[in-house]
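Accompanying notes for the structure given below.
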Amino acid sequence: MMENKSLVHLFERSVNAFPERILLWEKKDRQYEGMTYDEAYQRVCDTARGLLTLGVEKGDRVALISEGRNDWVISELAILFCGGVCVPLSVKIEEKADLHFRVNHADCKGIIVSGNHFHKIPGLIEQLPGLSFVVVLDPTDGQLANAGGESGCQIMEMESVREQGKIQRDVVAPVLEKRKNSLLPGDYANICYTSGTTADPKGIILTHKNYLHNVEQASAIFEVPPEYTSLHILPWDHSFAHTVGIYALIRNGASLASLKTGKTINETLRNIPVCIQEIRPHFLLSVPALAKNFRNNIGRSVREKGRVAMWLFGLGLKVAVIYNREGYNKGGGFRKLLGPLYRFFDKIFFKKVRAGFGGRLRFFVGGGALLDIELQRFFYALGIPMYQGYGLTEASPVISSNTPESHKLGSSGKVVPWMDLKICDEEGREKPIGEQGEIVIRGDNVMAGYWKNEEATAEAIRDGWLHTGDLGYLDHEGYLFVLGRSKSLLIGSDGEKYSPEGIEEAMMENSIFFDQVMLYNNQQGYTSALIVINRSAVLGYLSGRGLDPDTEEGQVAALERLKTEMDCYVPGGEMEGRFPPRWLPAAVAFLSDPFSEANGLMNSTMKIVRPAIHSYYEDTIHFLYTPGGKDLFNSRNKSVISSLKS
């Protein structure tokens, strides 16, 4: 099944097969420019020879900190060509201590960093005695002077490194050839530090074999012909982007494009619609937060066309949802009669939405957190399905996915080939089909272990099986349903456990008033919730009724409206029966400040960090389990409503 012995070999095979095809698209100025497979190969070799002059030996770790761009791929491949190990780090890491921990823990010999993030490095150099070099991808206009202090660390611009490699080509070229040809499947390719949902990041070791195997698994379930192009919006340091977004495309001779980088994150995000129109991608990688942004932008565009258009669009969605059902069973029975009506709405509305994505988009591949089924139905109705998958970095990362040929909305799809999966109870015994338990997997895509953490490795991998820590079940048709993290479970006073993610996603998805939700129950008599409310939605509601959030009347009215949003899930409500009543929040603290990466309450994949939230809001959570806290109309919640005006 696996013909290549390393990622270097995979790349070289594609260069030989598709030399003149475009591999990389990048927009630095007004338009995108392409770099062919052959041009990319020459640039990788130039970079690798330069890195050899800086003393990179086989097995050395080199950190990579950059926004997505051509040089991201070139740099990682160059590190691998040298026999090194790339340590990709999130550009969103701002805290000096967080960055220092990862670079120091991985024993990095060097750092490759973009100009936008070079400012994070000088303060670290003196604290990293093992750091030999820093390479900056962009011109620095003299910023390198004295940046290394008295550390002896070499700091150079990438073009100078490449030039140095050319000057010493006769010496380093034979070394490079020997080094890349010596790579074996079991050699380390990456150490990935996932921010996860705890405060103690682990370095996940992924080998060349791990990636190669997962690339083949992904390629077996998704057809990606050479003419395909994808625009990469998600962070490139994640294994999802590595496997599906970079190496699977390289394996198939396809191309990938980067977003035009702005001076700020918000400016980069504003570039997304324009870049999509210019690249016209065939598929996009997505996570729930990105999917919601797309959906909100579509809704905003429809509202701008007036009430009639809005009503017709909503009707069209309802028809589509009824017709499509869960995807695999669409158009059956009486629903077949809705086909012509669905095609009518597709012609007048949905086709135009697809045109906004460039007109060639066939599907999204969804990863990250659980994607609410209503959001899946929305994109399916538009004719650009979001095929939810499941994975984790320790599995390189793809474990299962819905695909164009086999999908069931609400599930995480079928397990990829050449991998074993079972559902186990707390004692490790396999459970029957349909019963919930921990998802446990085995295959060549399972990590080598955690860097310098044998205890955590032994806990995660037992007898060759990776214990994911995620809960789920398989149905009788082989579809995997993921319920959430076992460590995120709500635990009732009687010891019963329940995964909160489904409730949280539904509350956020079905209400314009709720931006973020976190449920809590640690063996208490009832479940509580911290809810970040949408400022503009609440103020708009009050303004439309001539009420002021500073007044008692306005505060009570706002809280009554928010209570109505939550009551739709209780017995007698519009969504009655969707969740067990005992796990719905009986006490709620409304918040005006969002959970974010800046305050450490979300990680780089836009997942909430529960332990950090528990600690940050310890007093608030304690208050929710008092008589005063259980009263929704308490003074704290009224104060939050009042603060929205400022």
| Validation row: Asn4, Arg13 side chains within 4.5 angstrom (heavy atoms) | yes

| query | Is a side-chain donor or acceptor of Asp187 paired with a backbone partner of Leu184 at a separation under 3.5 angstrom? | reply | yes

| said: Looking at Gln277 and Gly356, would you say the former's side chain and the latter's main chain have a donor-acceptor pair under 3.5 Å? | reply: yes

| query | Is the shortest heavy-atom distance from the side chain of Met156 to the side chain of Phe133 under 4.5 Å? | reply | no

| With a 4.5 Å heavy-atom cut-off, do Ile167 and Arg169 have their side chains touching? | no

| field | Thr53 side chain vs Gly50 backbone, donor-acceptor pair below 3.5 Å | value | yes

| query | Is Arg43 salt-bridged to Asp71, cutoff N-O under 4.0 Å? | reply | yes

| Checking Asn210 side chain against Asp444 main chain: does a donor-acceptor pair fall under 3.5 Å? | yes

| task | Please tell me if the side chains of His242 and Cys192 come closer than 4.5 Å, counting only heavy atoms from C-beta onward. | result | no

| task | Output yes when a side-chain donor or acceptor of Thr457 lies under 3.5 Å from a complementary backbone atom of Tyr450, and no otherwise. | result | yes

| Just one of Ile276, Leu361, Leu256, Leu285 clears the side-chain contact (heavy atoms from CB on, under 4.5 Å) bar with Leu231, so which one? | Ile276

| task | List the atom of Leu89, the atom of Ala63, and the distance in Å for their closest heavy-atom pair. | result | CD1-CB, 4.1 Å

| Within the distance-only criterion (no hydrogens, no angle test), does the side chain of Thr393 pair as donor or acceptor with the backbone N or O of Ser239 below 3.5 angstrom? | no

| Does any non-hydrogen side-chain atom of Arg179 lie less than 4.5 Å from one of Glu57? | yes

| message | Looking only at side-chain N and O atoms, does Thr268 offer a donor or acceptor that is under 3.5 Å from a partner on Asn271? | response | no

| Flag side-chain contact, heavy atom, 4.5 Å: Asp138 against Arg69 | yes

| request: Looking only at non-hydrogen atoms, find the nearest pair between Ser255 and Trp25 and report the distance. | output: OG-NE1, 3.5 Å

| Do Glu94 and Lys120 pass the salt bridge (charged side-chain N to carboxylate O under 4.0 Å, His left out) test, and can you show the C-alpha distance, the side-chain angles, and the key distance before you say yes or no? | CA-CA 8 Å; Glu94 295 292 343; Lys120 302 174 182 178; 3.7 Å; yes

| Residue pair Lys5 / Leu212: nearest heavy atoms and the distance that separates them | C-CD1, 3.7 Å

| In terms of the angle between their ring planes, are Tyr228 and Phe283 parallel, tilted or perpendicular, with boundaries placed at 30° and 60°? | tilted

| field | Presence of salt bridge, Lys260 and Glu33, under 4.0 angstrom | value | no

| query | In terms of ring plane angle, is the pair Trp72 and Trp236 parallel, tilted or perpendicular, where the classes change at 30° and 60°? | reply | perpendicular

| Using the ring of each side chain (for Trp, its six-membered ring), is Trp451 parallel, tilted or perpendicular to Tyr188, with breaks at 30° and 60°? | perpendicular

| field | Ala254 backbone acceptor or donor facing Tyr37 side chain under 3.5 Å | value | yes

| request: Report the relative orientation of the aromatic rings in Phe357 and Phe364; use parallel for angles under 30°, tilted for 30 to 60°, perpendicular for over 60°. | output: perpendicular

| query | Do the side chain of Asn181 and the main chain of Glu177 share a donor and acceptor less than 3.5 angstrom apart? | reply | yes

| Got Leu10 and His208 here, is their nearest side-chain heavy-atom distance under 4.5 Å? | no

| query | Can you check whether Ala257's main-chain N or O pairs, donor with acceptor, with Lys27's side chain at less than 3.5 Å? | reply | no

| said: Run Phe294 and Phe379 through ring pair (Phe, Tyr, Trp, His ring centres under 6.0 Å) and show every step you take. | reply: CA-CA 10 Å; Phe294 282 140; Phe379 285 100; 7.0 Å; no

| task | For side chain to side chain contact (heavy atoms under 4.5 Å, CB included), just list the numbers for Arg21 and Glu227, CA-CA rounded to whole Å, side-chain angles, deciding distance to a tenth of an Å, and then say yes or no. | result | CA-CA 9 Å; Arg21 292 201 69 86; Glu227 60 269 21; 4.0 Å; yes

| For the residue pair Tyr193 and His105, does the interplanar ring angle fall in the parallel (under 30°), tilted (30 to 60°) or perpendicular (over 60°) class? | perpendicular

| Leu249 to Ser230 - nearest heavy-atom pair and separation | CD1-CB, 4.1 Å

| Any His407 side-chain heavy atom under 4.5 Å of Gln388 side chain | no

| request: Please report the C-alpha distance between Ile121 and Ile155 in whole Å, then the side-chain angles of each, then the deciding distance to 0.1 Å, and finally whether the side chain to side chain contact (heavy atoms under 4.5 Å, CB included) criterion is met. | output: CA-CA 10 Å; Ile121 305 303; Ile155 306 179; over 6 Å; no

| Main-chain N/O of Arg360 paired to Arg362 side chain as donor or acceptor, under 3.5 Å | no

